Structures are given as structure tokens and as C-alpha cells.
Amino acid sequence: MPQYPLNRRSALFAGVASLALPHAWAQSTYPSRPIQLIHGFGAGGNADVVARLVGQKMQDSLKQAIVVDIKSGAGGSIATNYVAKAAPDGYNLVMLTGAHTVSGALKKSLPYDSVKDFAFISTVSSFPFVVAVRAEHPAQTLAELLAMAKKEPGRITFTSVGVGSTQHMVGELLGSTANAALLHVPYRGGGAPVQAVIAGDVDVLTDTLTVATPHIKSGRLRALAVTSMVAWPSLPDVPPASATLPGFEVRSWLGIAAPAATPAPIVQKLTEEVHRALQDAGLQKALASTGSAASPSTPDEFRTMVQNEITRWRAVITKVGIPLQA
């Protein structure tokens, strides 16, 4: 190592220290300006509602505005890619959904790595799906529906908001677990899948409680099962699918992530803030009204869950022969 005179060495060390100070200062004073919380879905949808609920509670504690920004399209991947490529300074966060893992399993390629390109902060909420039929459908239970599908493979149809959607994967997993061939009939989203089932054009709806519950309560749909392991609080009389298919469980989720190189102290602070927000009774009640439950996690738990779900959905895609999407 070169030996410099004392005064020169002192100047060098001072220079290094001065370079390190802005980074340390930035972490210790974070956040010093508004934070963007970005998602890739429609205004008023589940991701949007939950992002605004959680963002409001977090900004009360952080003393900085959290601005919810929508960058919709491509099943959420436009927003996800934006944050993956953003500066890793804690000021651009993404509200990921279960679609993140479906895309990671189903897409031939993505402009980001679904695991490596993110610093996972915490999951926020989780929720099951509902398996429902129109009120006049002959199947009174999930067991009866699956028996009909086994008797005439391909006769029983199910709908979703599109090929590769989480709802699509839930229907495929239901059929493959039961060894019953269900025929997928996708729609473009919105209210079309529900209306198709109510009209009798499609047999089965696999969708969120947010979408299905009003029609269940009105009597136009009959819920056969929820995909949580046990009955869900907002539909206590609907049995879990696991009562018919032991071990069957699908719960989708929402969670917050940042770009991969975000400093650990910032990730830790954000994790603590998400957890603090989710302890609030008012926020828990608001999430319950959407059919969700507050579900905080550690960053490592979140990362592992994403990895495991990508593996799970890839297995379903391979088993039922769904072509990979461009």
C-alpha cells in the first residue's frame, strides 16, 4: 500500500468521509420528501383502494405524503418494471399483487426479474377467492360440481378476467387438484365474468370476495366454496374448498416492494411503518370491508412466498398445458 505523508493521508480520509456523509445523512433523514406508491391496476380496484388506505396511515407516521400513482397495463407489469428500474432511494415503491407471481410463471420473458430485482418490504393483505355458480345451477355443492366435471370432461366451464390472471390460475388449480377437466372461458375483465355466470353462459365464477359477495348476497350467485383453508369471516356459512379437496388453499395478496438496491435501513424503516399501519384497528376494519385481512410479513418471508408461488403456478401451467405468454 502506498505510504503518503500524514497531511495527504488526512486529506484522503477526509475526502472519503465526505463522500460517505450524504448517503448516511440521506438514510438518517429518510423520508425528506413525498414517496410514490405505484400500482398497475385500475382506479377504485382492490390494489388502488388498499394502496390508498395503507398509504394514508403510513404518511401520518412518516410525516411525508405518500402519493398513489397508477401506471396501468400489461397485468401490472408496467408499474412493476418502472419501480424495478427506479432509483433505489425509497421514494418509488410498488404495490405488488398476486398477479406478480402469475406473470413470473406464465410470461416467456419480462423486463425485470420477479425476485432478484426487488427489495421486498412486507405483505399488506391477503384474501381468498370464491367458487360460485348461478342460483339456478344444478350443482348445490363443490363436490357435486366436480363430480359433474369428471363425468363429462370439458362440459363444466369457468370464467376469469383473462388468460394468465390469478382467477384463471385458481380455476385451473381447482380442476387439476380434483382431476376434473374444467374449460376456461376468459373475458376482458370488468363485470363481464360475473354477468356471464349469472346469465348462464358460463358455469363457474372464480373471483374475489369484493367482486362476488354483492351477487351472493342478492341471491343471483350461489357460493360453493372459498379457497381459504377455513371459512372466511365475511362469508362464514360458505365452506372452504379444503373440505372437499383436503389441503387445497389459494390466498392472493398485496404487498409493498422497492428496487433491489434500496439500502437496508430504509427497507427496515418501511417494514416497521407498514407493520405499524396494519396494527391500526380502523385500517383492519377497512381491509375487512374489502374481503381482505391485514397480513404483515418480514422481507424474507415476502421474498420466499413470491419464490414459492412462482414455482407453484409453473407446476399448474405445465400440468394443464397452458402456453407461455409473450
Side-chain angles (χ1 to χ4, degrees), residues 39-49 70 72-79 97-103 105-107 127-139 142 145-146 148-149 152-176 178 180-227 241 250-252 254 290-292 313 316-317 320-326:
H39 70 81
F41 300 91
N46 195 38
D48 189 52
V49 169
I70 300 174
S72 60
S77 64
I78 291 175
T97 74
H100 181 71
T101 56
V102 174
S103 293
L106 186 61
K107 296 289 187 179
F127 52 91
F129 294 87
V130 180
V131 181
V133 295
R134 67 186 182 280
E136 302 80 13
H137 197 279
L142 179 60
L145 179 75
L146 295 174
M148 293 169 63
E152 298 183 65
R155 173 176 172 260
I156 298 298
T157 55
F158 76 97
T159 186
S160 78
V161 293
V163 174
S165 63
T166 310
Q167 291 90 331
H168 175 201
M169 293 294 103
V170 172
E172 297 288 6
L173 182 62
L174 183 71
S176 64
L182 303 177
L183 179 63
H184 182 220
V185 181
Y187 285 80
R188 286 183 173 267
V194 173
Q195 295 306 319
V197 173
I198 291 173
D201 298 328
V202 184
D203 292 295
V204 182
L205 178 76
T206 54
D207 216 321
T208 64
L209 276 74
T210 304
V211 169
T213 298
H215 304 285
I216 293 167
K217 290 186 174 180
S218 73
R220 288 180 290 179
L221 289 178
R222 178 167 59 252
L224 302 183
V226 288
T227 63
V250 181
R251 286 174 65 166
S252 197
L254 296 171
T290 71
S292 302
W313 294 129
V316 172
I317 289 162
V320 303
I322 302 171
L324 295 182
Q325 305 295 304

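None of the values given here were measured: they were computed from a predicted structure. The first residue in the sequence is number 1, and the count goes up from there.
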Determine the minimum heavy-atom distance between [X] and [Y], stating which atoms define it.
{"X": "Phe41", "Y": "Ala99", "result": "CZ-CB, 4.2 Å"}
{"X": "Leu209", "Y": "Pro128", "result": "CD1-O, 3.4 Å"}
{"X": "Ala149", "Y": "Ala180", "result": "CB-CB, 3.8 Å"}
{"X": "His168", "Y": "Phe158", "result": "O-CE1, 3.7 Å"}
{"X": "Pro193", "Y": "Ser160", "result": "CG-O, 3.5 Å"}
{"X": "Gly42", "Y": "Asp48", "result": "O-CB, 3.5 Å"}

Taking side chain as C-beta onward, heavy atoms only, is [X] less than 4.5 Å from [Y]?
{"X": "Asp203", "Y": "Arg155", "value": "no"}
{"X": "Phe127", "Y": "Asn46", "value": "yes"}
{"X": "Leu205", "Y": "Val194", "value": "yes"}
{"X": "Asp207", "Y": "Val170", "value": "no"}

**Request:** Under the salt bridge (charged side-chain N to carboxylate O under 4.0 Å, His left out) rule, collect the residues that match up with Glu136, sequence neighbours excluded.
**Result:** none
**Prompt:** Say you draw a straight line from CZ of Arg251 to OG of Ser292; how long is it, rounded to the nearest 0.5 Å?
**Reply:** 9.5 Å
Between the side chain of [X] and the main-chain N/O of [Y], is any donor-acceptor distance below 3.5 Å?
{"X": "Thr101", "Y": "Gly98", "result": "yes"}
{"X": "Arg222", "Y": "Ala139", "result": "yes"}
{"X": "Ser176", "Y": "Leu173", "result": "yes"}
{"X": "Thr227", "Y": "Val250", "result": "yes"}

**Message:** Applying side chain to side chain contact (heavy atoms under 4.5 Å, CB included), can you list everything that pairs with Val202, at least two apart in sequence or on another chain?
**Reply:** Thr157, Thr159, Val185, Tyr187, Ala196, Val197
